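Encoded as structure tokens, the structure appears first; notes follow it.
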Amino acid sequence: MAANDSTAAEAGGTKVVGSDDYALSRVPRDKRLGFWTMLLQWLAQSGSISQFTLGATIGVGMSFGDAFFAFTLGAVILEVVIFAIGLAGMREGLATPLLTRWAGFGRNGSALVSLVISVSLVGWFGVQNTIFGDSVSALVGGPSWLWCTAAGLAITVLVIFGFRYMAVFAKIVTPLFFAMVAWSVTDALSDHSLTELINSPAPGETIPLAVAATAIAGGFMTGAIVSPEMTRYNRKGSHVFLQSASSMILSEYIVGMTGVLLGHMVGSGQVSQIVLSTSGVFGVLVVLMSTAKINDWNLYGSSLGVVNFFQVVFEKRVHRGAVTIVLGIAGTLLSAVGMMTHFTDFLSVLGVAIPPVGGIIVAEYWVVRRMRAPLDATRESETLPATSPTWVPMSLVIWAAAFCVGKFYDGGIPALNSLLTAFVLYSVLGLAGWIRTYGTTTLDDDDEAADRTPAASGTAPVGAP
């Protein structure tokens with residue numbers, strides 16, 4: 001397993017730059033990271049100008065009290081999803097694409113999950129990189145494509161070297177971002193009465209609660225579904241809860257609600273200039289670095305999905321670092337030429353397709369538990385089970401049905417609707433014995449076989465009660 005933690009791993013006798021980051025194995029207990037290191041990774045996901053903008057946009061259409069309720073609803077929904085899925089990832093030391101082999105989808109189904117997640121995340125990587133480049137161009141000048149290229153390549157280099165380097169980056173950027181933002185926002189609000197801003201009516205057209213909650217919870221639902229990419233490095237379940245809850249509190253109540261106050265102050269969702277105008281060149285640099293810190297997770301999650309996809313479909317293990325290079329360059333070039341903005345509607349559709357995956361994972365892992373036995377048997381040895389189910393057809397039917405509910409039902413929160421539909425259907429049908437596995441696949445990949453001990457090969461068949 002040592003090769004997983006190196007920066008120059010051997011892959012088929014060839015030197016590959018970067019870390020494989022246990023893309024096709026469990027993260028060993030002795031490689032997990034401490035509470036404060038992981039906390040900063042979580043908090044880094046809360047620090048972006050876009051969250052201030054979201055808060056301001058909601059503030060324009062809602063009173064402070066109504067906005068507080070909307071952010072509370074969004075935070076609770078996200079925290080429940082993150083903890084239920086993230087705890088499974090922490091227990092097993094597995095990222096979402098690999099976890100789904102034994103949590104609802106089987107080996108072949110996990111390839112489809114990996115493909116959807118990878119396309120979605122690398123797409124959003126390109127979209128965010130485009131926004132990044134356009135913002136820098138507007139602030140400091142220069143062509144947008146140049147800034148897109150510089151940012152995309154820089155993030156790619158960071159992600160090549162894996163989780164530990166991303167954690168170091170978070171330690172640097174996160175405190176700087178929130179210190180700078182606190183100073184800028186305090187300066188902006190110092191000439192206004194907080195009491196008056198809190199009690200003032202919404203300055204714009206009213207935004208319904210369902211719409212606000214959809215923007216808050218739906219916008220980060222995909223991130224919640226792939227939270228095992230991060231939580232597999234946690235040591236304790238309590239850490240998962242405390243860290244994710246801290247991130248929700250910071251993101252929704254502090255950043256989001258501050259954005260609401262700014263929205264009431266200026267009567268517009270365009271508040272980024274308030275933060276940037278008082279912070280100078282250093283502040284702009286910090287904001288841009290914090291944006292990069294969020295976008296690196298899009299590329300990282302996509303690389304893990306592609307590795308699993310290639311292993312299942314082509315029976316070939318590809319190095320995560322090499323995959324990151326390809327995905328990073330592709331996403332960077334597409335953003336630089338302005339292509340990614342044309343795919344936002346398609347990516348939004350994928351955003352509704354991913355939540356049902358989380359519903360099925362939670363239902364199988366915590367409620368039905370018919371496919372989990374091999375994971376239970378090999379958890380202590382930190383190896384992968386010797387076999388996995390090949391297909392779970394009913395899961396694909398449930399996935400499709402839940403997607404249709406999220407896409408075509410107009411009420412509620414689309415991402416939450418699809419997730420809950422998948423969870424309820426899988427739980428009911430699974431407990432009734434209607435969800436069956438078809439075929440058993442032996443994990444015959446050389447690298448995976450090396451991760452197993454002889455004792456693990458005697459694991460009970462997948463799907464055994």
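Everything numeric here is computed off the predicted structure, so don't read it as measured data.
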Write out all pairs satisfying salt bridge (charged side-chain N to carboxylate O under 4.0 Å, His left out) with one or both partners inside residues 71-95, taking only residues at least two apart or from two chains. R26-E92, E92-R379
Atom pair OG1 (T222) and CG (L121), whose distance is rounded to the nearest 0.5 Å: 7.0 Å
Residue pairs passing the ring pair (Phe, Tyr, Trp, His ring centres under 6.0 Å) test with at least one member in residues 288-317, sequence neighbours excluded, are F163-W297, W297-Y300, F310-F314
Mark yes when over 12 heavy atoms from residues, nucleotides or ligands other than D410 sit less than 6.0 Å from its CG; otherwise mark no. no
How close do P389 and W102 get, counting heavy atoms only, and between which atoms? CD-CD1, 4.4 Å
Sorted by chain and residue number, the salt bridge (charged side-chain N to carboxylate O under 4.0 Å, His left out) partners of D66 (sequence neighbours excluded) come out as none
If you take all heavy atoms of V116 and A353, which pair is closest and at what distance? CG1-CB, 4.5 Å
Does W391 use its side chain to pair, donor to acceptor, with the backbone of T437 at less than 3.5 Å? no
Please give me the minimum heavy-atom distance between G104 and Y426, naming the atom from each residue. CA-OH, 3.7 Å
Heavy atoms, side chains only, cut-off 4.5 Å: are L396 and L112 in contact? yes
Only counting residues at least two apart or in another chain, list the ones meeting ring pair (Phe, Tyr, Trp, His ring centres under 6.0 Å) with F69. none
Sidechain N-carboxylate O distance under 4.0 Å for D21, K31: no
Does V255 form a side chain to side chain contact (heavy atoms under 4.5 Å, CB included) with F178? I'd like the steps, not just the answer. CA-CA 9 Å; V255 176; F178 284 108; 3.7 Å; yes
Kindly compute the distance separating CD1 (I117) from OG (S302), expressed to the nearest 0.5 Å. 9.5 Å
Using salt bridge (charged side-chain N to carboxylate O under 4.0 Å, His left out) as the criterion, list what pairs up with E229, not counting sequence neighbours. none
Which pair of non-hydrogen atoms, one from V81 and one from A224, has the smallest distance, and what is that distance? CG1-CB, 3.8 Å
Indicate yes or no for a side-chain donor-acceptor contact from R232 to the backbone of M90 under 3.5 Å, with no hydrogens or angles considered. no
Just jot down the side chain to side chain contact (heavy atoms under 4.5 Å, CB included) partners of S110, sequence neighbours excluded, or say none. T100, R101, N308, V312
About how many Å separate OG of S120 and CG of L115, when rounded to the nearest 0.5 Å? 11.0 Å
Check: residues 152-160 side-chain donor-acceptor pairs under 3.5 Å, at least two apart:
from, atom 1, to, atom 2, distance (Å)
T156, OG1, G152, O, 2.7

S247: partners by side-chain hydrogen bond (donor to acceptor under 3.5 Å, both in side chains), with sequence neighbours left out: S46
Non-neighbouring partners of A167 that pass side chain to side chain contact (heavy atoms under 4.5 Å, CB included), sequence neighbours left out: T37, Q41
Taking atom types as modelled, find out whether T387 and T440 have a side-chain donor-acceptor pair closer than 3.5 angstrom. no
State which residues pass ring pair (Phe, Tyr, Trp, His ring centres under 6.0 Å) with Y365; sequence neighbours excluded, sorted by chain then number. none
Least distance between heavy atoms, I82 atom then S227 atom: O-OG, 3.7 Å
Decide side chain to side chain contact (heavy atoms under 4.5 Å, CB included) for S303 and V323; before the verdict, give the C-alpha distance in whole Å, the side-chain angles of both, and the deciding distance to 0.1 Å. CA-CA 6 Å; S303 69; V323 169; 4.1 Å; yes
R320 side chain to S19 main-chain N or O, any donor-acceptor pair under 3.5 Å? yes
D20 CG to S25 OG distance, which is reported to the nearest 0.5 Å: 7.5 Å
For W42, does the CH2 atom have more than 12 heavy-atom neighbours from other residues, nucleotides or ligands under 6.0 Å away? yes
Using a 4.5 Å cut-off on heavy atoms from C-beta on, say whether the side chain of Y22 contacts that of P28. yes
So, the side chain of T332 versus the backbone of T149: is there a donor-acceptor pair under 3.5 Å, distance only? no
Distance-only, no hydrogens or angles: does the E252 side chain make a donor-acceptor pair with backbone N or O of G74 under 3.5 Å? no
Yes or no on side chain to side chain donor-acceptor pair (under 3.5 Å) for T390 and T441, after CA distance, side-chain angles and deciding distance? CA-CA 6 Å; T390 305; T441 302; 2.6 Å; yes
To the nearest 0.5 Å, how far apart are CD in Q45 and OG1 in T174? 8.5 Å
Please report the shortest heavy-atom distance between C148 and G133, naming the atom on each side. SG-CA, 3.8 Å
For W399, what residues pass the ring pair (Phe, Tyr, Trp, His ring centres under 6.0 Å) criterion, not counting sequence neighbours? F105
Would you check if the side chain of Q311 reaches a backbone N or O of L24 as a donor-acceptor pair within less than 3.5 Å? no
Roughly how far, to the nearest 0.5 Å, is CG of L73 from CD1 of I413? 5.0 Å
Test item: S244 side-chain N/O and F241 main-chain N/O as donor-acceptor pair under 3.5 Å: yes
Partner set under ring pair (Phe, Tyr, Trp, His ring centres under 6.0 Å) for Y409, not counting sequence neighbours: none
